[in-house]
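In this text, all values refer to a predicted model and were calculated from it rather than measured experimentally. All ligand and atom numbering here is 1-based and tracks the order in the structure.
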Amino acid sequence: MAEAEAQQRGGYAEDVSAERLAEIGLRFEVDGEIATITLDRPDKRNAQTFATWSALARIGESLPEQVRVVVVKGEGPSFSAGIDLRMFTPEGVPGQGSFSSAVKIGDAEFEQRIRQAQAGFLWLRRPEIVSIAAVQGHAIGAGFQLALACDLRIVADDVAFCMKEPALGLVPDLTGTKPLVELVGLAKAIDICLTARTVHADEAMRIGLVEKVVARGDLSQAVRDKAAELLSTNRDAAVATKRLLQGARSRTLEEQSVAEGLEQAARIKALFP
Ligand code: ACO
């Protein structure tokens, strides 16, 4: 059903076929209300390409309606070593070009490509789902930002976050700057990004970057447990509550109170029709 609908919306189901995803280095599995996206290029430390980001966007567009929890994880020793460094070479990534070819396409088209890449990250914040990044080992650059794109981060004790972009002459542009500032505050975000230093598990926990640190061997179980806890609440109430929480920062207390009342009125009507 979801596949047929997705095809009507432009053939996305075809783009997220297991074969196509395997070529890109991704896996996507749905088990009832839980979807799992696995970065699956461990030999290259799950380095990401434009194809990775397009595929993530397609997965978001064709996500089956029953899914409530999306887990994002990486195969092998590292969650993700960030952008595929071949992008910085003149040869680039086969079929996807390089930065030196990308600058020749014109500003508008280049900005459009960045927005397309960002689409792969933005959907992970939808109110209809809760996304969990399960992070072990290195999460560098685009890898760090992918973890930041998720609602929650559960990490192994060997986690090593690094926002390497400024060290390479770039800015973090895969939607990571806002969640980073919101999680750790402006001063700490400046410290982390402008030094491109590594944040290890203890500090990540202390500054609020992650929800939980576990031993490496316990990561999968910890994520499963969290998913089960998240699924234990009422689905519609969870969606409405996430919407409220997401809007809280940009509203005054009075505005937020009004928003709470509106959501609650809808809930009560649904519960007592
Ligand atoms: N792009 C492409 N290939 C990569 C990348 C990457 N980002 N990271 C690692 N690889 C490859 C290596 O070239 C190596 O390939 P090979 O076996 O064919 O030689 C393989 O993955 C394993 O890498 P090692 O360095 O041997 O693995 P190790 O576990 O010792 O180190 C680490 C892991 C720390 C992640 C290291 O690979 C590294 O520093 N990678 C580059 C990180 C980086 O600068 N990313 C860009 C950030 S900026 C951004 O994302 C926008």
Side-chain angles (χ1 to χ4, degrees), residues 21-27 37-57 72-103 105 110-122 124 133-150 153 155-181 189-201 203-204 209 216-217 219:
L21 290 181
E23 282 168 23
I24 294 167
L26 283 172
R27 291 201 320 266
I37 298 168
T38 307
L39 304 174
D40 193 15
R41 217 155 56 104
D43 55 322
K44 299 293 175 194
R45 302 297 181 264
N46 300 322
Q48 303 171 32
T49 65
F50 272 108
T52 314
W53 303 325
S54 304
L56 288 175
V72 182
K73 65 189 185 73
E75 203 61 66
S78 299
F79 176 73
S80 172
I83 193 168
D84 193 313
L85 292 174
R86 289 177 299 172
M87 283 299 292
F88 295 94
T89 65
E91 301 76 35
V93 178
Q96 299 182 53
S98 66
F99 281 125
S100 53
S101 58
V103 291
I105 62 178
F110 189 67
E111 282 164 29
Q112 176 64 15
R113 281 197 85 179
I114 292 178
R115 276 198 298 279
Q116 281 169 356
Q118 291 168 335
F121 293 61
L122 286 171
L124 289 160
V135 188
Q136 82 286 359
H138 291 98
I140 304 179
F144 191 1
Q145 295 192 72
L146 183 57
L148 285 166
C150 293
R153 280 146 296 281
V155 305
D157 51 12
D158 66 349
V159 78
F161 291 110
C162 172
M163 200 67 90
K164 189 143 179 209
E165 285 82 345
L168 300 173
L170 301 171
V171 300
D173 68 342
L174 292 167
T175 79
T177 56
K178 187 174 167 68
L180 182 65
V181 170
I190 288 173
D191 170 24
I192 290 169
C193 294
L194 273 62
T195 61
R197 69 179 177 83
T198 299
V199 178
H200 296 282
E203 182 185 4
L209 191 52
R216 176 71 174 262
L219 185 59

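Distance alone, capped at 3.5 Å, is enough to place a donor-acceptor pair between the Ser80 side chain and the Gly82 backbone. The main-chain N or O of Thr198 is never found under 3.5 Å from a side-chain atom of Glu203 such that the two would form a donor-acceptor pair.
In this view, Phe79 satisfies the ring pair (Phe, Tyr, Trp, His ring centres under 6.0 Å) rule with no residue, not counting sequence neighbours. Not counting sequence neighbours, Asp173 has no partner by the side-chain hydrogen bond (donor to acceptor under 3.5 Å, both in side chains) test. By the side chain to side chain contact (heavy atoms under 4.5 Å, CB included) test, Arg41 pairs with Asp43, Lys44, Asn46, Ala47, Thr49, Asp84, Arg86, sequence neighbours left out.
The protein residues lying under 4.0 angstrom from ligand 1, judged by non-hydrogen atoms, are Asp43, Lys44, Arg45, Ala47, Ala81, Gly82, Ile83, Asp84, Leu85, His138, Ile140, Gly141, Ala142, Lys164, Glu165, Leu168.
For the residue pair Gln116 / Arg113, no side-chain donor-acceptor distance below 3.5 Å is found, with atom types taken as modelled.
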